[in-house]
Amino acid sequence: QVQLVESGGGLVQAGGSLRLSCAASGRTSSIYDMGWFRQAPGKERELVAAITWSGVTTYYADSVKGRFTISRDKAKSTVYLHMDNLKPGDTAIYYCAADSTYGLGLTLNDYDYWGQGTQVTVSS
């Protein structure tokens, strides 16, 4: 089992920045890749960014390319999502997820473990 705990959410004005953190514990050796998803009220949960645990491969949704950066610190078993130039449309609950299967996960069903979520609110 893998446990994930997110932190770093909050309220920020449009154009501002936030950094989310996701600390993994438990069987972290089983993790192949990790992702950040978000879910806004009335909308489906969507993948924002993903990274292989090796750090070699990353993925970004078109809506965040050039503004968000995903990274990981293997020594700390932590994945980060640095968000710049935030927009009101980025307002959502952000979830961290871990995948133990080979291949960068791009859908909800690819991920085995989930954090509890952290709220990000961007005011205009």
Side-chain angles (χ1 to χ4, degrees):
Q1 291 290 326
V2 174
Q3 295 77 44
L4 304 172
V5 178
E6 302 103 332
S7 61
L11 173 64
V12 64
Q13 288 188 331
S17 299
L18 279 176
R19 188 182 77 162
L20 306 181
S21 300
C22 174
S25 61
R27 286 193 62 201
T28 57
S29 61
S30 67
I31 297 173
Y32 181 82
D33 56 280
M34 295 187 70
W36 283 98
F37 289 76
R38 67 185 181 188
Q39 187 166 18
K43 295 188 176 181
E44 294 185 351
R45 193 172 298 191
E46 61 174 356
L47 179 62
V48 174
I51 186 168
T52 52
W53 203 234
S54 66
V56 171
T57 304
T58 58
Y59 164 86
Y60 294 95
D62 288 342
S63 58
V64 306
K65 280 182 182 176
R67 299 188 298 122
F68 290 12
T69 302
I70 189 170
S71 63
R72 94 283 178 260
D73 184 330
K74 291 181 70 175
K76 295 182 178 180
S77 296
T78 299
V79 172
Y80 304 97
L81 185 68
H82 190 91
M83 305 182 291
D84 290 321
N85 190 20
L86 282 160
K87 305 175 181 180
D90 295 318
T91 295
I93 299 175
Y94 283 70
Y95 297 91
C96 172
D99 172 20
S100 58
T101 305
Y102 179 83
L104 190 65
L106 298 179
T107 71
L108 274 73
N109 290 335
D110 291 331
Y111 289 84
D112 307 297
Y113 306 101
W114 292 84
Q116 81 287 354
T118 185
Q119 177 71 48
V120 171
T121 303
V122 184
S123 62
S124 57

Could you tell me which non-hydrogen atom of [X] sits nearest to which non-hydrogen atom of [Y], and how far apart they are?
X: Trp36; Y: Cys22; value: CZ2-CB, 3.6 Å
X: Tyr94; Y: Leu20; value: CB-CD1, 3.6 Å
X: Ser17; Y: Asp84; value: OG-OD1, 2.7 Å
X: Val12; Y: Leu86; value: CG1-CD1, 3.6 Å
X: Ala24; Y: Leu4; value: CB-CD2, 3.6 Å
X: Ile51; Y: Ser71; value: CD1-CA, 3.9 Å

**Asked** Considering residues, nucleotides and ligands other than Glu44, do more than 12 of their heavy atoms fall under 6.0 Å from its CD?
**Response** no
Is a donor on one side and an acceptor on the other found under 3.5 Å between the side chain of [X] and the backbone of [Y]?
X: Thr57; Y: Thr52; result: no
X: Arg72; Y: Ser54; result: yes
X: Glu6; Y: Gly117; result: yes
X: Tyr60; Y: Arg67; result: no
X: Gln39; Y: Ala92; result: no

**Prompt:** Going through the checks in order, is the salt bridge (charged side-chain N to carboxylate O under 4.0 Å, His left out) test met by Lys87 and Asp90?
**Reply:** CA-CA 5 Å; Lys87 305 175 181 180; Asp90 295 318; over 6 Å; no
**Message:** Could you check, using the six-membered ring where one of them is a Trp, whether Phe37 and Tyr95 have ring centers closer than 6.0 angstrom?
**Reply:** no
**Asp112 vs Val2, side-chain contact (heavy atoms from CB on, under 4.5 Å): CA-CA, chis, key distance, verdict** = CA-CA 9 Å; Asp112 307 297; Val2 174; over 6 Å; no
**Request:** Check each of Thr121, Leu11, Val120 against Thr91 using the side-chain contact (heavy atoms from CB on, under 4.5 Å) test, and report the only one that passes.
**Result:**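 Result: among Thr121, Leu11, Val120, Thr121 is the only option passing the side-chain contact (heavy atoms from CB on, under 4.5 Å) with Thr91.
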**Prompt:** Run the side-chain contact (heavy atoms from CB on, under 4.5 Å) check on Tyr32 and Thr101 step by step: do they pass?
**Reply:** CA-CA 6 Å; Tyr32 181 82; Thr101 305; over 6 Å; no
Could you measure the distance from the [atom1] atom of [X] to the [atom2] atom of [Y]? Nearest 0.5 Å is fine.
X: Thr69; Y: Arg19; atom1: OG1; atom2: CZ; answer: 12.0 Å
X: Gln116; Y: Ile93; atom1: CD; atom2: CD1; answer: 10.0 Å
X: Leu104; Y: Leu47; atom1: CG; atom2: CG; answer: 8.0 Å

**Prompt:** Are Ile31 and Tyr80 connected, step by step, through hydrophobic side chains (Ile, Leu, Val, Met, Phe, Trp, Tyr) whose heavy atoms are closer than 4.5 Å?
**Reply:** no
**Item:** Side-chain heavy-atom pair Ser63, Arg38 within 4.5 angstrom cut-off
**Value:**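 They are in side-chain contact.
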**Message:** Going by side chain to side chain donor-acceptor pair (under 3.5 Å), Asp33 matches just one of Trp53, Tyr59, Tyr102, Tyr111. Which one?
**Reply:**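 Answer to the side chain to side chain donor-acceptor pair (under 3.5 Å) test with Asp33 among Trp53, Tyr59, Tyr102, Tyr111: Tyr111.
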